[in-house]
Amino acid sequence: MQNWLLPLLRCPASQQALTEKDGKLHSTAQSYPFLHGIPCLYKNPGMALLEWGTKIQNYVNEESQQIEHLNMLARTPALELTKKRLQQQMQARQQNLDFLTSSLHAFLHYPPVPIMPSSQQIHSYFQLFFRDWCWASEELDAYTAFVSRHLGDRKLNVLLLGSGAGGLSYRLAHAHSNANIISLEHNPFLAITAERLMLGETLSMQHYESYPRSAEQAMQSWQLKADKPLGNNHQSLLAGFPHLPFAERSIDVVIAPWFFDILDLPFANAVRHALPMLKDDGEMLLFGPANVHKSAPEEQWTTEEIVAYLQPLFADVQHESQRLFYLDSPLAAQRRQEQIVFVHGQSPNDEARRKADDAPVKLKVTPELQQYKAQNETMHAVLGVINEDIDVPTLAKRLQEQFGFDAKEAPYYAELFIRKIQFELYSKSPR
Ligand SMILES: C[S@@+](CC[C@H](N)C(=O)[O-])C[C@H]1O[C@@H](n2cnc3c(N)ncnc32)[C@H](O)[C@@H]1O
């Protein structure tokens with residue numbers, strides 16, 4: 001761990017200072033291990049690592065099933081071009097899975113937490129590596145230029161929240177040798193892989209697209225490598241926002257790239273958690289979508305609402321926006337263009353330092369929840385009578401016998417149920 005980091009750190013559970021001993025960090029409340037050389041400063045490291053173990057194991061199981069399915073499809077009669085595309089995708093996914101399992105093998109032996117079905121947070125972020133380390137990305141250039149303009153050559157402690165595949169941290173640490181850059185990430189796959197790249201390892205990953213531009217562009221093999229390993233002005237941390245392991249007023253600049261909008265917290269609440277650690281003349285740089293994409297209508301803020309919320313918290317707030325292609329894959333047939341807002345807040349005031357509400361985990365009874373309940377109850381009952389391959393007439397018969405549907409409507413509903421289940425299973429998101 002870099003020498004300059006320890007004085008900035010605090011125990012995320014008790015806010016006590018930390019000491020380093022026997023390969024761990026300690027407060028009187030808790031000990032924090034290192035994982036692949038990265039301090040593991042989750043509020044409850046034992047639970048966090050178990051949860052990540054479950055997510056990673058779920059991902060490995062789901063991905064293995066998908067690969068097996070592709071293998072089966074590639075062996076059934078089809079156009080030669082279709083077979084080739086499926087085989088390429090299958091090989092790419094298998095190689096990525098082998099890479100992931102070899103770098104995260106420790107997590108595969110944790111006892112899984114059974115009520116956590118999700119592999120989310122692993123799957124969706126593979127593309128970040130290609131954008132950060134392979135493609136000539138205008139998007140990443142724009143982020144780097146915005147942050148660099150504000151850092152200059154000052155001596156600063158800079159914290160990057162949700163550092164992902166590490167491309168921005170790497171570029172900043174290189175360009176601003178006077179600044180100490182801290183990359184904070186909760187996903188061990190991203191943090192460990194980014195750290196390996198920043199230290200100079202060459203890693204092979206396969207980029208594939210489910211909807212490629214052409215038959216020849218279904219996949220591409222990449223050797224990911226940094227131009228030059230980083231020196232002593234960068235440090236990676238594993239930690240879970242909003243439980244930040246920093247002393248109050250210890251950080252000069254906090255950077256939040258595509259971050260506050262993706263958390264399970266309202267945007268306003270998330271921002272407030274990041275402010276107490278800023279120095280009095282500290283700066284917050286945030287950028288991401290011009291609208292906050294939350295499900296609750298009152299949280300779907302526009303740029304103007306974001307700025308209006310931040311203005312009373314800082315001495316000065318400036319913003320600008322740019323239209324950029326997001327994760328602009330050279331292999332994909334479609335491009336996603338985003339209006340991206342860049343905000344700079346300078347010198348948080350006393351109001352900004354007021355402790356953020358802890359936002360207890362709460363499920364709100366909304367019209368969507370009522371509907372969800374009703375649909376799930378029905379679906380649960382119908383799934384209970386499906387235990388082997390089933391066609392419309394057979395399911396219709398069961399609907400009549402078990403649930404009292406009349407003979408005329410039963411086939412209609414049976415078909416709807418089958419279509420709905422197929423949609424839920426296979427069509428909701430591209431695999
Ligand atoms: C939308 S991605 C953005 C990644 C990167 N900043 C970028 O701009 O490409 C959000 C990142 O935040 C991380 N993240 C999400 N929730 C987090 C949390 N509670 N604590 C720390 N990191 C988190 C994700 O793993 C992911 O790397």
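In this text the structure is predicted, and so the values were computed from the model without any measurement. Whatever order the structure lists ligands and atoms in, that order sets their numbers, starting from 1.
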| remark: Judged by heavy atoms only, the candidate from S169, P257, G164 nearest atom 8 (O) of ligand 1 is P257

| message | Heavy atoms only: which of R131, H273, H243, E185 lies closest to atom 24 (C) of ligand 1? | response | E185

| query | Which bit of F259 is near ligand 1, meaning a heavy atom under 4.0 Å away: side chain, backbone, both or neither? | reply | side chain

| said: At less than 4.0 angstrom from any non-hydrogen atom of N187, what atoms of ligand 1 do you find? | reply: 25 (O)

| field | Between W133 and Y170, ring centroids under 6.0 Å | value | yes

| What are the atoms of ligand 1, with element, lying closer than 4.0 Å to any heavy atom of G240? | 20 (N)

| message | Judged on heavy-atom distance to atom 20 (N) of ligand 1, which of Y326, F189, F241 sits nearest? | response | F241

| Of I182, L244, L286, which meets side chain to side chain contact (heavy atoms under 4.5 Å, CB included) against L161? | L244

| remark: With heavy atoms and a 4.0 Å threshold, my read on which part of L168 contacts ligand 1 is neither

| Would W301 and Y309 count as a close aromatic pair, with their ring centres under 6.0 Å? | yes

| message | If we only consider heavy atoms of A239, is any one of them less than 4.0 Å away from an atom in ligand 1? | response | yes

| query | Using a heavy-atom cut-off of under 4.0 Å, does the side chain or the backbone of L128 touch ligand 1, or both, or neither? | reply | side chain

| field | Contacts of K373 that satisfy salt bridge (Lys or Arg N to Asp or Glu O under 4.0 Å) - sequence neighbours left out | value | none

| request: Not counting sequence neighbours, list each pair that qualifies as a side-chain hydrogen bond (donor to acceptor under 3.5 Å, both in side chains) and has a residue in residues 214-226. | output: S204-Q223, Q206-S221, S214-Q217

| Would you call the rings of F260 and F241 parallel, tilted or perpendicular if under 30° counts as parallel and over 60° as perpendicular? | tilted

| message | Which option wins on minimum heavy-atom distance to atom 10 (C) of ligand 1: L237, I262, L161? | response | I262

| query | Does the gap between the ring centers of F146 and Y143 come in under 6.0 Å? | reply | no

| Under the side chain to side chain donor-acceptor pair (under 3.5 Å) criterion, do S148 and H176 qualify, and how do the steps go? | CA-CA 8 Å; S148 284; H176 302 275; 2.9 Å; yes

| Where's the contact between L190 and ligand 1, heavy-atom distance under 4.0 Å: side chain, backbone, both or neither? | side chain

